[in-house]
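Written below as structure tokens is the structure these notes are about.
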Amino acid sequence: MNTYRICKSAVKSASLGTSVDLELVPCDRDATLESVIIASRAGITKNNTNFGTIAVKNGATLLASRAFNDAGGDLAAKTPEVLAVTGGAVSSSTCLALRYDHTGTGGAIDLDVTLVFRLSRP
């Protein structure tokens with residue numbers, strides 16, 4: 001198999017009106033981010049006015065995101081959801097960020113995030 005996975009927690013329950021990098025994912029080899037899978041421990045209810053967004057970013061480049069608004073919908077507890085990934089090439093000098101962004105006063109998130117990478121060389 002020429003894939004590997006990195007799992008991180010993305011939890012934001014205080015200072016919801018502040019956007020922040022929740023976790024960093026330093027990469028150590030040439031690979032491509034193929035998939036991002038999220039799951040919530042307690043579930044997240046959508047809110048179109050005050051909500052949080054989780055994003056995977058490579059610097060300013062957005063690779064995957066999920067907003068918990070009407071368009072994104074609810075996320076049931078313990079239910080995996082695969083996010084669409086755009087781009088995704090990484091190298092040993094890449095440090096990805098799991099970023100929380102808020103809209104309005106924000107909204108709490110409690111996610112486990114799995115990033116699936118495919119090696120550039122088998």
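Taking both residues in full, the closest heavy atoms of Cys27 and Ser91 are given as CB-O, 3.4 Å, listed atom of the first, atom of the second, then distance.
The side-chain heavy atoms of Ile44 and Asp110, taken from C-beta on, include a pair separated by under 4.5 Å. No side-chain heavy atom of Leu111 sits under 4.5 Å from any side-chain heavy atom of Arg66. Residues Thr32 and Val85 are not in side-chain contact: their nearest non-hydrogen atoms beyond the backbone lie 4.5 Å or more apart. Using a 4.5 Å heavy-atom cutoff, the side chains of Asn69 and Thr103 are not in contact.
Distance alone, capped at 3.5 Å, places no donor-acceptor pair between the Thr94 side chain and the Ser92 backbone. Here the side chain of Asn47 pairs a donor or acceptor atom with the backbone of Asn50 at under 3.5 angstrom. Asp74 places a side-chain N or O within 3.5 Å of a backbone atom of Lys46 that can act as its donor or acceptor partner. Between the side chain of Tyr100 and the backbone N or O of Ala108 there is no donor-acceptor pair closer than 3.5 Å.
For the side-chain contact (heavy atoms from CB on, under 4.5 Å) with Leu98, the lone residue among Ile38, Leu24, Val113 that qualifies is Val113.
The CD1 atom of Ile109 sits 9.0 Å away from the OG atom of Ser40 when rounded to the nearest 0.5 Å. In this structure, OG on Ser120 lies 10.5 Å from CZ on Arg29, to the nearest 0.5 angstrom. Once rounded to the nearest 0.5 Å, the distance linking CG of Leu115 with SG of Cys7 reads 8.0 Å. Note that CZ of Arg118 and CG of Leu33 are 12.0 Å apart. Values are rounded to the nearest 0.5 Å. With rounding to the nearest 0.5 angstrom, the CG atom of Asp28 is 11.5 Å from the SG atom of Cys95. Remark: Ile37 CD1 to Thr114 OG1 distance equals 5.5 Å, nearest 0.5 Å.
In this structure, Tyr4 has its ring center under 6.0 Å from that of Phe117.
Val116 and Ile6 end up in different hydrophobic clusters when Ile, Leu, Val, Met, Phe, Trp and Tyr side chains are linked at under 4.5 Å. Both Leu119 and Val36 are assigned to one and the same hydrophobic cluster, defined by single-linkage of ILVMFWY side chains at heavy-atom distances under 4.5 Å. Val20 is connected to Leu96 through a chain of hydrophobic side-chain contacts under 4.5 Å among Ile, Leu, Val, Met, Phe, Trp and Tyr, so both are in one cluster.
Residue pairs meeting the side chain to side chain donor-acceptor pair (under 3.5 Å) criterion with at least one partner in residues 11-24, sequence neighbours excluded, are Ser19-Asp101, Asp21-Arg99.
For Thr3, the side-chain hydrogen bond (donor to acceptor under 3.5 Å, both in side chains) criterion is met by no residue, not counting sequence neighbours.
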